[in-house]
Colleague: 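Quick one: structure below, then a few questions.
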Amino acid sequence: MAIVKRGKKGIYHTNFTAPNGKRIRVSTQTSDKVAAQEFHDRLKAQYWRESKLGDKPAKSWQETVCRHIAELPNKDNSFKLEHLRILDEYLKNKMLNEIDEALISEIKINRLQQKDKRYKYGDAPTVSRTTVNHTLVVLKAVLNAAKKWGWIDRVPTIEKLAVNKEDIERIVWLTHEEADRLINELPIHLERMVRFSLLTGLRESNVYGLKWEWVNKENKLAWIPPGSSKNEKAIQVPLNGEAIQLLEELQGDHPVYVFTYRGNPVKSINTVAWRKALDRAGIRPYFVVGKKKLSSRKQHYPTKPLHEYSQPTFREHDLRHTWASWHVQAGTPLAVLQQLGGWSSYQMVLRYAHLSPNHVAQFADSISIKKKT
């Protein structure tokens, strides 16, 4: 038979012999017989074209993703994997040569109409244009890799969606008083991570993934190797006295990782304890929508109406925004801040310039013009 149903889920598998004598048995990833037959016919025709017309071997989206994931650097790829799962909903049964501009446009339209699954309660908004653009960036990265391997001749044009200025410039930061309130509400293991984040400006994954071998207390320096940084470049992190004292408190808790909980490395700051601490500190937790509801221990909702909060939702990455904002307000030059934060683009640092409009005022008197006599 051309297609065979297998397993409890009734997934169809192809079964045919290619012109070169190779036996082809692969899953169609669907229990729909019509779709499975279409997949089989398309795959069989492709093998015929390869043998008779010399076309390049057909590669599937899933085969491409598997190789792409295997070749990713050894770093936190949870962000990219999440968008690959989203793309798999649309492309799991597709061959690479079927992914064109029309299909990508359909994905954009469909995604913009979907509800944001991160909102667990209340009237969830639709997926933002920025989120869709993140997915498109991941899609382009996979297709570029496929082109580099010689699996496709060209990458279809992938245009990002226009986004609102407010979406691009979302910067939420805490005052020193708000940060003190939050720290006082956190359990000890999260308190130390938050304090370290506010002292160094490291991204969340670099904080909970920090290893002792990357710390040099004598030289007051920590570093993030290229494989663990966002832009895949090494980052040097100067440590002030408070950061050194904090590390000394943690010395000996774990042989490899700096930040642990009950003897195990911490995997995320964004936990129920984190969201409850934000709420108790009067800071609106991120992705919490609706009124109070305690139907699940895995979720935490505010103990007061959302309109009573004084600021937008606060997420763990906003600790980095807070660190940068404090530096600018204290007079740190933007060029220095770029180096401290490990940003590859000066444009990223300019987002904080408005917080200290006087950072260029000191240079206003550098030039003068003599009056006409």
Side-chain angles (χ1 to χ4, degrees), residues 130 164-186 190-208 210 220-224 229-231 233 235-247 269-270 274-275 277-286 308-367:
T130 301
N164 297 326
K165 185 177 180 181
E166 293 76 11
D167 294 335
I168 299 175
E169 298 181 352
R170 181 196 185 278
I171 297 180
V172 179
W173 55 277
L174 299 177
T175 64
H176 287 275
E177 189 272 335
E178 289 171 330
D180 290 340
R181 291 205 315 261
L182 173 59
I183 288 173
N184 290 334
E185 295 292 344
L186 288 166
L190 291 181
E191 175 211 325
R192 289 168 169 171
M193 295 177 71
V194 168
R195 284 167 53 200
F196 195 77
S197 297
L198 292 174
L199 290 170
T200 62
L202 282 174
R203 295 178 176 87
E204 181 199 15
S205 60
N206 295 142
V207 173
Y208 65 68
L210 186 65
K220 295 184 178 181
L221 185 70
W223 63 88
I224 306 300
S229 67
K230 182 179 179 181
N231 56 16
K233 296 180 180 179
I235 302 174
Q236 289 192 348
V237 186
L239 302 174
N240 60 21
E242 289 185 55
I244 294 295
Q245 183 179 355
L246 176 58
L247 291 173
I269 294 177
N270 186 15
W274 158 264
R275 293 191 291 273
L278 284 171
D279 185 31
R280 290 194 298 269
I283 303 168
R284 180 176 170 183
Y286 192 48
E308 293 186 12
Y309 288 96
S310 60
Q311 62 176 193
T313 52
F314 189 85
R315 57 186 179 177
E316 62 277 7
H317 187 70
D318 292 326
L319 293 170
R320 179 170 167 87
H321 289 322
T322 299
W323 167 83
S325 301
W326 288 358
H327 261 290
V328 171
Q329 292 167 357
T332 302
L334 296 182
V336 175
L337 181 62
Q338 180 183 358
Q339 291 183 329
L340 290 174
W343 283 287
S344 59
S345 168
Y346 187 71
Q347 191 68 29
M348 298 295 291
V349 188
L350 287 176
R351 297 178 298 172
Y352 306 100
H354 70 284
L355 296 173
S356 182
N358 296 325
H359 77 284
V360 294
Q362 59 180 312
F363 304 104
D365 294 329
S366 298
I367 61 173

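What you see is a predicted model, and the numbers here were worked out from it, not measured in a lab.
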Colleague: Would you mind reporting whether F314 and L278 have side-chain heavy atoms less than 4.5 Å apart?
Modeller: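 In contact.
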Colleague: Any side-chain donor-acceptor pair under 3.5 Å between R315 and N270?
Modeller: no
Colleague: Indicate yes or no: at least one non-hydrogen side-chain atom of V237 is less than 4.5 angstrom from one of L202.
Modeller: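 The answer is yes; the side chains approach within 4.5 Å.
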Colleague: Any side-chain to backbone donor/acceptor pair from N240 onto A243? Under 3.5 Å, distance only.
Modeller: yes
Colleague: Of the non-hydrogen atoms in Y346 and A335, which two are nearest, and what is the gap between them?
Modeller: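 Nearest pair, atom of Y346 first, then A335: CE1-N, 4.0 Å.
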Colleague: Calculate, to the nearest 0.5 Å, the distance between atoms NE2 and OG1 belonging to H176 and T322 respectively.
Modeller: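 If I round to the nearest 0.5 Å, the distance is 9.5 Å.
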Colleague: Do E191 and V194 have side chains that approach each other closer than 4.5 Å (heavy atoms only, starting at C-beta)?
Modeller: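 Sidechains of V194 and E191: no contact.
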Colleague: Rounded to the nearest 0.5 Å, what separation is found between the CZ atom of R280 and the CG atom of L186?
Modeller: 8.0 Å
Colleague: Return the CD to CD1 distance between E185 and I283, rounded to the nearest 0.5 Å.
Modeller: 9.5 Å
Colleague: Measuring only between side-chain heavy atoms, which start at C-beta, is T332 closer than 4.5 Å to Y352?
Modeller: no
Colleague: Where do A179 and L174 come nearest, in terms of heavy atoms and distance?
Modeller: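 Closest pair (atom of A179, atom of L174, distance): CA-CD1, 4.1 Å.
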Colleague: Give a yes or no answer on whether the side chain of W326 reaches the backbone of T175 with a donor-acceptor pair at less than 3.5 Å.
Modeller: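 Judged by distance alone, no pair lies under 3.5 Å.
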Colleague: How close do L337 and H327 get, counting heavy atoms only, and between which atoms?
Modeller: CD1-CB, 3.9 Å
Colleague: Any salt bridge linking E177 with R181? Criterion: basic side-chain nitrogen under 4.0 Å from a carboxylate oxygen.
Modeller: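 The answer is yes: the pair qualifies as a salt bridge.
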Colleague: Check whether E204 reaches the backbone of I269 with its side chain - one donor and one acceptor, N or O, closer than 3.5 Å.
Modeller: yes
Colleague: Going through the distances and angles, do V172 and H321 end up as a side chain to side chain contact (heavy atoms under 4.5 Å, CB included)?
Modeller: CA-CA 7 Å; V172 179; H321 289 322; 5.8 Å; no
Colleague: So, for L340 and P238, which heavy atoms are closest and what is the spacing to 0.1 Å?
Modeller: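 In this case the closest contact between L340 and P238 is CD2-CG, 3.8 Å.
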Colleague: How far does CD of E316 sit from OG of S197, to the nearest 0.5 angstrom?
Modeller: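 Going from CD on E316 over to OG on S197, the span is 9.5 Å.
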Colleague: Working to the nearest 0.5 angstrom, can you tell me the gap between L199 CG and L239 CG?
Modeller: 9.0 Å
Colleague: So, do W173 and W323 sit near enough that their side-chain heavy atoms are less than 4.5 Å apart?
Modeller: no
Colleague: Are the side chain of R320 and the backbone of G341 linked by a donor-acceptor contact shorter than 3.5 Å?
Modeller: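 Here the side-chain-to-backbone pair exists.
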Colleague: CG of L190 to CZ of R195: how many Å apart, nearest 0.5 Å?
Modeller: 12.5 Å
